[in-house]
Colleague: 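To start, I am sharing the structure in question, which I have written as structure tokens.
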Amino acid sequence: MSKPKTPQAIRGTQDIFGPDAEAFVFVVETFERVRKLYRFRRVEMPVFERTEVFARSIGETTDIVSKEMYTFDDRGGESLTLRPEFTAGIARAFLTNGWQQHAPLKAATHGPVFRYERPQKGRYRQFHQIDAEIIGAAEPQADVELLAMADQVIRELGIEGITLHLNTLGDADTRDAWRAALVEYFGAVRGELSEDSQERLDKNPLRILDSKDPRDRKFVAEAPKIDAFLSDDAQRFFDAVTRGLDAAGVKWQRAESLVRGLDYYRHTAFEFIPDEGTAAADALGSQSTILGGGRYDGLMASLGGPATPAVGWAAGIERLAMLVGERGEIEADAVVVLEDDSRMGRAIATVKKLREAGWKTELFAHGSPRKRFDKARKVPAHVLVTFPVTDDKVSTRVMGDGGEVHTAIESLVQFD
RNA sequence: GCGAUCGUAGCUCAGUUGGUUAGAGCGCCGGUUUGUGGUACCGGAGGUCGCGGGUUCGAACCCCGUCGAUCGCCCCA
């Protein structure tokens, strides 16, 4: 009989522990706190949906649907997909549960999402996002509130050197006209573009604008700008958003090349990106966007619902956690050392009392008396309680700036 | 999907002109010293050198494949 092999973790998944885990929950807890300040309602969504929920909203033709989703048939033969994002699922729930009655609905959630991609820095196949959406609000003030909340989350996380990059994609007509102009412009120099961009010209021409290839960059600089195609309504909308951001004190900069790949996006598109040369930019490598989103007025209709304006964003928890700095392990208020097992019951009762009184408490009751004591001493705690092996008393010491002060356990917690 | 680098004890890593029983620190377990005690010392457990082939008298070290990790490209909802 050979020894059974230990299974490996699935590629692109991660086991989070210690300081990384503490940073992770710090991000989630900060998000939860800020989301309540803006009165976003918490929603919980299924981790998987019918494949069509994502396929129809994202668009059947893209690589995303054909190559980058975790799709499988369940035992009934139905095609299901692990959620690659929150937005489509929330939109589906909005329609199937009649959440229209709550419109405009401010919804927030967080949890795991799944994308079948090559793992690299800050990029995993199962990763986690925080997410915020405002559904059923057509007015630019919704965009402003949503962005103000995002800005506050980042600031309360203590992350420095992040700038909101903001653009407008205009309404549907604006977008189509701009796209046609770009295709014409880049088509004229097709042979001089990178191979990738020649392909983008056919599949997703807007994406040429954020190509990193120097052969493309020089043409991008001179490419037609969206502003020339904005309708009056679209321009007014964008102006209202920027004025609102200024009033809210949210710093932003115009990013004329910032686009969204999917057709359902309208008007506002944005990403929060670390400034060049900052610690945050170095920490993230090529995965630089820490929060992104936009207005998706076209999504609901693609799911068979009534035209419903909406705007939202999502941010990767792991990427944010990389930027929040070291979060210490949980501290202890008290450590309890049982030097001899004969008084195990009393020690268990004591730690229970301390914990019920709100003390973060650890009991050391394994190994030699010396090892127990030494381990306890390595934990920074305010109170050290020992049940010595040599006498019958409980020793309680309070550690402070002025050294150790002995006191009675009864002065800390009451026993019946 | 493409490219580069890497893969040695639980963790961090040493280990080349390929040559006998593969090392350290930390951690873990046991013990000694000290002795109201966060120290020091001694000892122990733990590795088919990611996995599978190949070259060679002989491979952790060279070659191929594979899996995984890391970084970049593509993609980015």
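Order of the sequence lines fixes the chain letters, A, B, ..., with proteins taken first and strands second; residue numbering starts at 1 for each chain.
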Colleague: Kindly indicate whether the side chain of A/Arg377 and the base of B/U39 share any N or O donor-acceptor pair separated by less than 3.5 Å?
Modeller: no
Colleague: Just the rounded figure in Å: distance from P of B/C26 to NZ of A/Lys378.
Modeller: 10 Å
Colleague: Taking atom P of B/U70 as reference, at what distance in whole Å does atom CG of A/Leu284 sit?
Modeller: 15 Å
Colleague: Provide the distance between the two P atoms, one in B/U21 and one in B/U33, to the nearest whole Å.
Modeller: 39 Å
Colleague: Nearest whole Å is fine: how far is B/U36 C1' from A/Phe387 CZ?
Modeller: 16 Å
Colleague: To the nearest Å, how far apart are A/Asp374 CG and B/A40 P?
Modeller: 10 Å
Colleague: Salt bridge between A/Asp210 and A/Arg207, side-chain N to carboxylate O under 4.0 Å?
Modeller: yes
Colleague: Checking only heavy atoms, does the side chain of A/Arg118 share a donor-acceptor pair with the base of B/U70 at less than 3.5 Å?
Modeller: no
Colleague: With a 4.0 Å cut-off, would you call A/Arg155 and A/Asp151 a salt bridge?
Modeller: yes
Colleague: Go through B/A77, B/G37, B/C74 for me and flag the one nearest to the A/Glu339 side chain.
Modeller: B/G37
Colleague: Closer than 4.0 angstrom, basic N to acidic O: yes or no for A/Arg179 and A/Asp263?
Modeller: yes
Colleague: With a 4.0 Å cut-off, would you call A/Glu195 and A/Arg215 a salt bridge?
Modeller: yes
Colleague: Let me spell it out: for each of A/Arg123 and A/Gln120, pick the nucleotide of RNA chain B with the closest heavy atom. Which residue's pick is nearer the 5' end?
Modeller: A/Gln120
Colleague: Charged N to carboxylate O below 4.0 Å: is that the case for A/Asp297 and A/Arg295?
Modeller: yes
Colleague: Go ahead and write out RNA chain B as dot-bracket, 5' to 3': ( ) for pairs within the strand, [ ] for ones crossing earlier pairs, | when the partner sits on another strand, dots for unpaired; Watson-Crick or G-U wobble, both distances under 3.5 Å.
Modeller: (((((((..((((.....[...)))).(((((.......))))).....(((((..]....))))))))))))....
Colleague: Heavy atoms only, 4.0 Å cut-off, all strands: where does A/Gly12 land among base, sugar-phosphate and nothing?
Modeller: sugar-phosphate
Colleague: Looking for any heavy atom pair under 4.0 Å, which part of the strands does A/Arg200 touch: base, sugar-phosphate only, or nothing?
Modeller: sugar-phosphate
Colleague: Rounding to an integer number of angstrom, what distance separates B/C11 and B/U5 when you compare their P atoms?
Modeller: 25 Å
Colleague: Any N or O donor-acceptor pair under 3.5 Å from the base of B/C74 to the side chain of A/Arg207?
Modeller: no
Colleague: Is A/Phe373 stacked on the base of B/G38 when the test is centres under 5.5 angstrom and planes under 30 degrees?
Modeller: no
Colleague: Is it the case that B/U39 (base atoms only) and A/Arg370 (side chain only) share a donor and an acceptor within less than 3.5 Å, ignoring hydrogens and angles?
Modeller: yes
Colleague: Is there a side-chain polar atom (N or O) of A/Ser286 under 4.0 Å from OP1 or OP2 of B/G72?
Modeller: yes
Colleague: In whole angstrom, give the distance that lies between atom CG of A/Asp210 and atom C1' of B/C75.
Modeller: 11 Å
Colleague: For A/Tyr265, answer base if it contacts any base atom (sugar-phosphate contacts may also be present), sugar-phosphate if it contacts only those atoms, and nothing otherwise; contact means non-hydrogen atoms under 4.0 Å.
Modeller: sugar-phosphate
Colleague: So if I take every side-chain heavy atom of A/Lys375 and compare against B/C75, B/G72, B/C29, which nucleotide ends up nearest?
Modeller: B/C29
Colleague: Is there a donor and acceptor pair, one atom on the side chain of A/Arg11 and one on the base of B/A69, closer than 3.5 Å?
Modeller: no
Colleague: Using a strict cut-off of less than 4.0 Å between a Lys/Arg side-chain nitrogen and an Asp/Glu carboxylate oxygen, indicate whether A/Asp202 and A/Arg190 qualify as a salt bridge.
Modeller: yes
Colleague: Would you mind telling me which residue lines up with the more 5' stretch of RNA chain B, A/Gly285 or A/Ala9, judged by nearest nucleotide?
Modeller: A/Ala9
Colleague: Ring centroid separation for A/His128 and A/Phe24, is it under 6.0 angstrom?
Modeller: yes
Colleague: Could you tell me how far apart A/Asp282 (CG) and B/C71 (C1') are, to the nearest whole angstrom?
Modeller: 14 Å
Colleague: Distance check, C1' atoms only: B/C74 and B/G3, in whole angstrom units.
Modeller: 11 Å
Colleague: On the side chain of A/Glu68, is there an atom forming a donor-acceptor pair with the base of B/G1 - under 3.5 Å, no angle test?
Modeller: no
Colleague: Roughly how many Å apart are B/G65 and B/G58, using the C1' atom of each and rounding to a whole number?
Modeller: 23 Å
Colleague: Under the 3.5 angstrom rule, does the side chain of A/Asp143 hit a backbone N or O of A/Val241 as a donor-acceptor pair?
Modeller: no
Colleague: With rounding to the closest Å, how many angstrom separate the P atoms on B/A22 and B/C6?
Modeller: 25 Å
Colleague: On a whole-Å scale, what distance lies between the P atoms belonging to B/G44 and B/C49?
Modeller: 23 Å
Colleague: Looking at A/Glu44 and A/Arg42, does any basic side-chain N land under 4.0 Å from a carboxylate oxygen?
Modeller: yes
Colleague: Please report the distance separating the C1' of B/C57 from the corresponding atom of B/G18, rounded so that it comes out in whole Å.
Modeller: 12 Å
